[in-house]
Structure formats: C-alpha cells, structure tokens
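Note on naming: letters A, B, ... go to the chains in the order of the sequence lines (proteins, then strands), and numbering restarts at 1 for each one.
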Amino acid sequence: MKQRVSTLLREKFGREVVLEKPKDRSFGHFATPIAFSIAKELKKSPMAISEELASSFNDNDVFSRVESVKGYLNFRLSENFLSDYAAWALTNPQEFGKQEKHEKILLEFVSANPTGPLHIGHSRGAVYGDTLLKLGRHLGYDITAEYYVNDAGNQIDLLGLSIQLEGRTTLLGEAVEYPESYYRGEYLAGLVSGAVEKFGKEILSDESRQKELALWAKDKVMDIIVKDLGDLNIFFNTFVYESSLYDDWERVLAKMGEGVYEKEGKIWIASEMHGDEKDRVVVREDGRPTYLAGDIVYHNQKFERGYEHYINIWGADHHGYISRVKAAVEFLGYESKKLEVLLSQMVSLLKDGEPYKMSKRAGNVILMSDIVEEIGSDALRYIFASKKCDTALEFDLAEFKKQDSSNPIFYIQYAHARIKTILSKSNFSQEEILNASLKGLDENADSLLFDALLLPEIIEDAFASRQVQKLPDYLKSLASSLHKFYYDCRIIGSDDEAKLLKLFMVVALSLKIGLSLLGIEAKEQMSKAED
RNA sequence: GCGCUCGUAGCUCAGCUGGAUAGAGCAUUGGUUUGCGGUACCAAAGGUCACAGGUUCGACUCCUGUCGGGCGCACCA
C-alpha cells in the first residue's frame with residue numbers, strides 16, 4: 001500500500017517523498033511534509049505549496065481526498081483501492097504480504113557451544129534470528145539458517161573432564177578435587193550414564209580417554225540443543241563444525257597474503273589496518289591456531305559458498321570481535337560490508353518482581369527449557385521478538401502467565417479467536433461473506449480495514465530495519481483496534497453483517513500471518529477461564 | 001584508561017530515513033452497553049525525552065562535551 005502511494009508520488013513530484021503516518025487518523029491514511037523541504041528552493045511558504053499540490057490531485061482513483069493542513073499534505077485512500085486490495089488478500093491469503101526478493105542470504109545464529117544445554121541468554125538470539133528468518137523468507141529471500149558448532153579447543157577438553165568428575169563423584173563415589181573451571185548441571189548425569197553404557201565405567205577414570213569421551217559427548221549435547229530449539233519452533237538448515245575447518249587452514253592462510261605476517265615465532269593478522277585496535281595472533285608459538293583462525297576459515301568458507309549477504313547474530317559480549325573478523329574478510333579478498341553482525345544483549349529475568357533464581361540443578365544458569373516449560377514457547381518467542389535486541393532487557397515471567405489483556409500474547413490470540421467465534425455464529429456462509437462489498441464502511445470500520453492491510457509494509461520494514469519488534473507491536477495494536485471495534489459495534493444481526501464479517505476476516509488474516517511469522521500458531525478459540 | 005552501547009511516565013518498553021499536541025502496556029484511581037465471549041472497553045493522573053551546547057524552518061531523533069548504567073579490551077572459546 002505504502003509502496004504504491006510512494007511510487008505514485010515519486011512519479012508525480014519527480015523526487016523521493018517522505019511518507020509518514022498522520023498524527024491522527026482523521027487526517028487521512030498517509031501524510032507527507034514535502035512542502036517544508038521544497039519551500040526553500042521554491043521561495044514560497046510551505047502552506048502555499050501544499051495548498052497548490054493538494055489541488056493538483058483532483059482526478060485520481062487511488063485517493064479519495066488529498067488536503068493540505070498546516071503545510072502537511074494528507075492523503076486518504078479511496079474505497080475502491082482499499083476494498084479491492086482487501087478482496088485480493090482474502091482470495092490469495094498465501095500471497096498476502098509476500099514479495100519477490102531473491103537475494104541469497106546466509107544467516108548464522110545461536111551457535112552456542114556444545115558443552116551444555118541452552119540458557120536464557122541464548123534463547124534471545126535464537127528467537128531474534130529465527131524471526132528474522134521467517135520474515136525474510138516470507139519476503140522471498142533465499143535464506144540459509146546455519147549453526148556454527150564450536151567443537152574444538154579447551155572447552156571440549158573441559159567437557160570430557162566435567163563428565164569424568166561427575167561420574168567419579170556420583171557413580172563411583174570418589175571424593176574428587178574440583179578444578180577452577182568445569183561444567184556443572186543436571187545434563188551431565190545423563191551423559192555419564194550414556195557414556196558408561198557405551199564405553200564402560202573405565203572411561204570415567206582414564207584421563208587419556210578424556211578427548212574420546214568429549215567427542216562423543218558433544219554430539220549428545222548437540223542433540224539436546226537441537227531438541228530444545230525444536231520446541232521453540234526453530235530449525236536449522238546447516239551445521240558447520242569448527243573441528244572440520246582446520247584442515248583448510250594452510251590454504252586460507254596463504255590466501256590472506258600480505259594480511260598476515262610472522263613475528264616472535266607467531267603468525268599475526270594485520271587487522272589494525274582495517275580498523276581493529278591492534279593486530280591479533282592467529283597461530284601460537286607452538287603452532288596451534290587460535291580461535292580466530294577457526295573463524296577466519298569459517299568465514300572464508302562462507303564467502304566461497306557464494307551468498308549475496310551474510311548475517312551473524314552474536315551475543316553482545318562478542319562485539320569487540322567484529323572488527324577482526326571483518327579485517328580477515330577483507331584480506332581474503334571479499335567485501336566486508338556484505339557481512340552484517342547483529343548483537344543480542346543481555347537478559348535478566350524476574351518472577352513476581354524478584355530476580356529469578358538460578359537453580360543449582362541446572363548448574364547456576366537459567367535453562368531455556370525450564371522457561372519454556374513454565375510459560376510456553378509462544379510467550380517466550382513473543383517476549384524476545386517484541387523488544388529491540390540491542391538493548392538490555394528485563395522481564396517478569398508472571399506477566400506472561402496471566403490470562404487477560406495484560407498479557408500481550410493472550411490479548412492478540414483472543415482477538416483472533418473472537419473473530420473465529422463470531423464467524424461461526426453467523427448465518428452467512430463463507431461465500432456470501434466473501435462476496436459482500438467492503439464499500440460504504442463508516443469511519444471506524446474504514447480505519448480498522450486500513451490497519452489490517454498494513455501488515456505487508458510492517459513485515460518489509462521489520463526485516464529491512466532488522467527491527468523485528470515492529471511486528472508484535474503492530475499485532476498488538478491491531479488486536480486493540482479489533483477489540484475496540486467489537487465493543488462499539490454490534491455485528492450479528494446488523495444490516496451490514498456480511499460486510500463487517502468480511503472486514504473481520506481481513507483482520508484475522510493479518511493476525512494469523514503475523515503470528516505465524518513470530519513462530520506462533522493463531523488459536524481458533526480460547527480455553528474458558530476456570531471458575 | 002580506551003572502544004562499543006544505552007539513558008524517554010513509578011515500572012517494562014515504543015517512537016520509522018529529523019516533522020503536526022512525545023506514545024503503549026503494567027501499576028494507581030474512577031467508570032461502561034438491559035446485546036455477538038466483561039478473558040473486553042473508556043477515562044483520569046503521570047514527562048525539563050540524563051545534563052549542557054551546536055547544526056536548522058523544525059531535534060527524542062544528527063554532531064560535540066559532561067554525568068550515569070551495561071558490555072568488551074587474551075596467544076579463552
């Protein structure tokens with residue numbers, strides 16, 4: 001809709017036109033302050049210009065009214081335009097809000113270490129990434145969802161050690177001395193029993209078999225992670241294992257040419273040249289590559305696979321890492337601007353106003369699966385999708401367990417369910433409703449229809465700006481418009497019953513598509529409250 | 001110390017590439033249809049947009065500085 005108006009105006013005025021939402025719907029559907037920006041070059045007052053422009057729109061079937069108010073130009077879309085568009089959407093629900101973007105994008109997210117189950121911090125990046133994925137795909141982008149598995153280095157050795165420690169205390173009853181760092185949590189018990197079954201008890205006490213144990217265990221941990229993500233309706237296309245990358249290291253190192261050099265027996269990358277604070281070591285004195293080396297090979301591999309755009313979603317604590325990876329990409333001969341790194345910030349949880357307690361059982365972290373169990377996947381997804389991901393977030397679980405309007409996810413679902421209920425109560429058939437005309441709606445109905453038809457541009461805007469929260473915001477306000485309309489206006493038995501039901505179907509369609517893009521299924525009916 | 005980032009109502013947060021009177025939800029207070037699900041709706045109250053400058057027709061938005069919070073500053077991943 002917006003696009004249509006915007007191209008129309010661009011053609012008419014011969015320049016880009018800023019389109020915005022009028023302060024008040026009674027002003028119209030769209031507005032532009034264009035008169036202000038050209039006032040200077042025309043040496044006329046904004047008022048005079050907008051008056052002139054407004055009167056030039058006499059004959060036009062998209063707008064029913066164009067007027068000038070205090071220098072702003074306000075547009076009201078015509079009935080024909082809105083009702084045709086709505087009718088098209090209802091008969092082509094699969095196409096509504098879709099576009100024909102074809103860019104190939106590689107989206108890497110979550111990428112949590114395979115050393116334990118996901119915790120609450122991971123789930124934010126996971127939901128954010130997956131929502132972006134769903135939005136992008138809806139718009140037609142060809143997006144591959146990828147998980148980078150850090151299955152090399154110290155952490156994997158630590159995993160093996162941790163399983164042994166757990167087994168020796170709980171299974172063998174030994175009094176072991178715990179080192180400074182090791183992993184803890186309930187999942188280790190499962191790994192111990194699995195390991196004993198597979199390898200026998202001996203493996204718990206044999207330090208030389210730690211590696212073997214760890215390599216087996218990380219796959220088991222990945223199984224847990226994949227399952228937890230599946231519970232959130234998140235699925236990946238590809239997994240890339242860090243351990244598989246190092247074979248390619250020599251070739252990639254050579255590919256960077258002048259970008260790397262030797263000093264003090266180590267190999268460095270000259271990342272300072274590309275904006276990093278200083279150069280970084282990529283190969284240690286003993287010949288072992290650093291973690292950065294793995295990431296360099298990985299990004300080289302990404303670019304060799306040939307996508308048009310790359311998006312990484314990282315935890316905010318990695319922000320210092322961006323410049324060195326980008327530097328490496330440049331040295332490899334690729335455009336680092338094709339690589340976009342989005343950061344997801346910290347999350348703190350409250351429950352009834354008090355900090356949420358981390359359980360010892362979980363290993364002093366808040367497990368994602370515990371939260372999903374407590375409030376459900378829909379609520380968790382909604383929470384993370386509804387906030388900008390680059391600010392620290394604090395939220396209270398209690399709010400999302402309530403079954404009333406203070407719970408946004410409930411509120412939206414209820415709007416959808418209301419429509420479905422009323423449709424089933426009406427005596428009009430689906431066909432009769434679809435054949436009804438949407439013309440002659442009063443101000444409120446017209447406004448609701450317009451709101452419902454905004455979905456496509458919300459989707460596009462949310463994806464393009466990477467501001468995923470625009471979609472839940474929109475759904476909440478659409479639900480609010482619906483509830484308000486419903487309260488004010490009797491539907492069943494009114495002269496306009498079929499017409500209004502058709503309007504409601506458009507609203508339901510937008511709610512349903514919007515929710516599905518958040519990974520949430522729209523409900524046909526709400527369960528009745530107890531008592 | 002350096003870098004990144006944030007600072008909007010009592011609380012949690014929106015505010016699009018600068019544009020009309022800075023918006024929601026929660027919490028508080030007061031109300032609502034002899035009717036489709038009251039699991040809803042309406043209203044009141046609540047603000048020096050951290051502070052100080054600058055840019056301009058116009059700044060919550062852009063720039064500079066100050067203060068305050070978070071994160072990062074490994075040859076760990």
Only pairs with both distances under 3.5 Å count, Watson-Crick or wobble alike; so what is the partner of [N] in this structure?
N     : answer
B:U12 : B:A24
B:C36 : none
B:A50 : B:U66
B:G3  : B:C71
B:U29 : B:A43
B:A59 : none

Practice prompt. Map A:Lys484 and A:Ser386 onto RNA chain B by nearest heavy atom, then report which one ends up closer to the 5' terminus.
Written response: A:Ser386
Discussion item. Please compare A:Lys70 and A:Lys476 by the position of their nearest nucleotide in RNA chain B and report the one closer to 5'.
Written reply: A:Lys70
Discussion item. Can you tell whether the side chains of A:Glu340 and A:Arg466 come within less than 4.0 Å, N to carboxylate O?
Written reply: yes
Touch check for [X], heavy atoms < 4.0 angstrom, all strands: base, sugar-phosphate only, or nothing?
X        : answer
A:Arg418 : sugar-phosphate
A:Lys388 : sugar-phosphate
A:Ile269 : nothing
A:Tyr291 : base
A:Leu393 : sugar-phosphate
A:Tyr486 : base
A:Ala31  : base

[X] [atom1] - [N] [atom2] separation (whole Å):
X        : N     : atom1 : atom2 : answer
A:Lys402 : B:C26 : NZ    : P     : 8 Å
A:Glu497 : B:C36 : CD    : C1'   : 9 Å
A:Asp488 : B:C41 : CG    : C1'   : 8 Å
A:Ile412 : B:G25 : CD1   : C1'   : 12 Å
A:His274 : B:G3  : NE2   : P     : 21 Å
A:Leu471 : B:C13 : CG    : C1'   : 17 Å
A:Tyr298 : B:A77 : OH    : P     : 18 Å
A:Leu349 : B:U12 : CG    : C1'   : 13 Å

Fill in: Aromatic ring of A:Phe27 stacked on base six-ring of B:A20, 5.5 Å, 30°
yes
Counting only side-chain nitrogens and oxygens, does [X] get under 4.0 Å of the OP1 or OP2 atom of [N]?
X        : N     : answer
A:Gln469 : B:G15 : yes
A:Lys387 : B:A14 : no
A:Tyr382 : B:G25 : no

When you get a sec, tell me which of [options] is the closest nucleotide to the side chain of [X]?
X        : options             : result
A:Asp461 : B:C41, B:C16, B:G38 : B:C16
A:Gln467 : B:G15, B:A14, B:C36 : B:G15
A:Val18  : B:U17, B:C36, B:A77 : B:U17

Item to complete: Could you verify whether a donor N or O on one side chain and an acceptor N or O on the other, from A:Asn312 and A:Tyr148, lie under 3.5 Å apart?
Response: no
Worksheet item: Cut-off 3.5 Å, side chains only: do A:Tyr291 and A:Gln155 have a donor facing an acceptor?
Response: no
Taking the [atom1] atom of each, how far is [N] from [M], in whole Å?
N     : M     : atom1 : value
B:C4  : B:G10 : C1'   : 31 Å
B:U28 : B:A74 : P     : 49 Å
B:A40 : B:A22 : C1'   : 28 Å
B:U29 : B:G65 : C1'   : 43 Å
B:C42 : B:U48 : P     : 27 Å
B:G30 : B:G23 : C1'   : 22 Å
B:U61 : B:C49 : C1'   : 10 Å
B:C60 : B:G7  : P     : 14 Å

Worksheet item: With sequence neighbours excluded, what pairs up with A:Arg324 under the salt bridge (Lys or Arg N to Asp or Glu O under 4.0 Å) test?
Response: none
Distances for protein N/O vs nucleotides 69-72 of chain B N/O pairs under 3.5 angstrom?
unit_1: B:C71; atom_1: O2; unit_2: A:His319; atom_2: NE2; d: 3.0

Worksheet item: Are A:Phe30 and A:Phe450 close enough that their ring centres sit under 6.0 Å apart?
Response: yes
Item to complete: Please check if the distance between the ring centroids of A:Tyr147 and A:Phe239 is under 6.0 Å.
Response: yes
Worksheet item: Ignoring hydrogens and geometry, is there a side-chain-to-backbone donor-acceptor pair from A:His274 to A:Val329 under 3.5 Å?
Response: no
Fill in: With sequence neighbours excluded, residues passing ring-ring contact (aromatic ring centres under 6.0 Å, His included) with A:Trp249
none
Item to complete: Report the C-alpha separation of A:Tyr298 and A:Glu146 in whole Å, then their side-chain angles, then the decisive distance to 0.1 Å, and conclude whether the side-chain hydrogen bond (donor to acceptor under 3.5 Å, both in side chains) test is met.
Response: CA-CA 12 Å; A:Tyr298 178 38; A:Glu146 184 155 292; 2.6 Å; yes
Worksheet item: Is there a side-chain contact between A:Ser123 and A:Leu380 (heavy atoms, below 4.5 Å)?
Response: yes
Worksheet entry | Side-chain heavy atoms of A:Glu460 within contact of A:Gln99, under 4.5 Å | yes
Worksheet item: Has the side chain of A:Asn74 got a donor or acceptor that lies under 3.5 Å from a partner of the other kind on the base of B:A20?
Response: yes
